[in-house]
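Remember, predicted model here, so these are calculated numbers, not experimental data. Atoms within a ligand are numbered from 1 in the order they appear, just like the ligands themselves. In what follows, residues are counted from 1 in the order of the sequence shown.
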Amino acid sequence: MKNKVKIAVFASGNGSNFQAIADAVKAGSLDAEIVLVVTDRPNAYVIERARQANIPSFAFIPADYDSKKSYEEMLKGKLESLQVDWIVLAGFMRLIGPALLEAYENRIVNIHPSVLPAFPGKDAIGQTMAARAESAGVTIHFVDAGMDTGNIIVQESFKVNGRSREAVENEIHAIEHKLYPVALQRLFNLNNMH
Ligand code: GAR
């Protein structure tokens, strides 16, 4: 029997997507082990969620390092020592640089609250509302050096239909929490077959 896929979840904030992934692992619908939660914000609520789920977390302050390269080298060492197979970005608000991209080529995934390529970058939901876009949605994609430009794995969209930002945001989160664990399970299955 193959060993379980080991993942590290990177998050900067609330961590509701981390929670959905951790819940799916616990329920047995996602066959993986979350070996570490990484955050660039030591006060992020995701740390409390990790504590409650009994999952180790690691917080670092990017400004304490000389460069992205130096903190990514540090993270890479940590992930490799834990034999992490995949990096799962769940509301991690920093671009991933060459050090991690090279170490985890095609093994970093991200979730983004828009139907890419529309509305990449920060506050995608705000951008969607400001543009009075007809639809909103969610994209799960591989991470490359660009801002939300990597190959798309799956997308789900819905019509805004004059709904408030809050309603749109709630719908996006509901989709995210359902879609991310399922997409990860499919991805890990595909990668285990060869
Ligand atoms: C999610 O909506 C995720 O799609 C978004 O941040 C939120 C994090 O929520 N990510 C991005 O905007 C990445 N560019 P969470 O902390 O509750 O999981």
Side chain proximity check, [X] to [Y], heavy atoms < 4.5 angstrom:
| X | Y | result |
| --- | --- | --- |
| Pro113 | Glu176 | yes |
| Leu187 | Phe142 | yes |
| His177 | Ser16 | yes |

Can Leu101 be reached from Tyr71 by stepping across I, L, V, M, F, W or Y side chains whose heavy atoms are under 4.5 Å apart? yes

Identity and separation of the nearest protein heavy atom to [atom]:
| atom | answer |
| --- | --- |
| atom 9 (O) of ligand 1 | Asn17 ND2, 3.9 Å |
| atom 10 (N) of ligand 1 | Ile111 O, 3.6 Å |
| atom 17 (O) of ligand 1 | Ser16 OG, 2.5 Å |
| atom 3 (C) of ligand 1 | Glu176 OE2, 3.4 Å |

Taking only heavy atoms of Asn14, which atoms of ligand 1 are found under 4.0 Å from at least one of them? 16 (O), 17 (O)

Under 4.0 Å from any heavy atom of Gly91, which atoms of ligand 1 are there? 6 (O), 8 (C), 10 (N)

[X]: heavy atom below 4.0 Å from ligand 1, yes or no?
| X | answer |
| --- | --- |
| Ala124 | no |
| Met93 | yes |
| His173 | yes |

salt_bridge(Lys76, Glu72) N-O dist < 4.0 Å: no

Could you work out, for atom 14 (N) of ligand 1, the closest of Arg49, Gln19, His112, Arg94 by heavy-atom distance? His112

Should one rank Pro113, Gly15, Ala20 by closest heavy-atom distance to atom 5 (C) of ligand 1, which comes out on top? Pro113

Which pairs count as salt bridge (Lys or Arg N to Asp or Glu O under 4.0 Å) when at least one residue sits in residues 109-129, sequence neighbours excluded? Asp123-Arg165

Residues two or more places apart in sequence or in another chain: which of them pass ring pair (Phe, Tyr, Trp, His ring centres under 6.0 Å) with Phe119? none

Please determine if Asn110 has a nitrogen or oxygen closer than 3.5 Å to a nitrogen or oxygen of ligand 1. no

Relative to each other, are the rings of Tyr65 and Phe60 parallel, tilted or perpendicular (30° and 60° limits)? perpendicular

